[in-house]
Amino acid sequence: MDKLKKGAEIDMLKDIQYTAVYSEKKQQSSKERVLDFIDGKGFDSLLENSLKALSYGMVFFCVPYLIYLIISLAL
């Protein structure tokens with residue numbers, strides 16, 4: 001009976017250790033993916049798209065408002 005109990009405890013410890021190692025590897029792989037994204041072309045394309053969006057926003061929202069202000073102040 002004691003051997004079965006010790007065997008079950010050992011199996012549980014192995015499962016816990018395996019889970020801990022798996023989670024560490026998963027965290028390392030996610031960190032590596034983030035670093036690869038920052039170092040690679042993905043981050044450059046993200047910056048490029050965000051700059052395009054900000055430029056379009058400035059042209060379509062700020063310029064008409066500026067024209068409105070100029071017209072309203074002139075009257």
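Values reported hereafter were calculated over all heavy atoms of this structure, with side chains retained and with hydrogens, waters and symmetry mates removed.
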Please identify each residue that fulfils side-chain contact (heavy atoms from CB on, under 4.5 Å) with [X], with sequence neighbours left out.
{"X": "L51", "result": "none"}
{"X": "F61", "result": "none"}
{"X": "I38", "result": "V34"}
{"X": "I70", "result": "L66"}

_Qualifying residues under salt bridge (charged side-chain N to carboxylate O under 4.0 Å, His left out), relative to K52, sequence neighbours excluded_ =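 By the salt bridge (charged side-chain N to carboxylate O under 4.0 Å, His left out) rule, K52 matches E48.
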
*Nonpolar side-chain network containing Y68, other nodes, edges under 4.5 Å*: Y65, L69

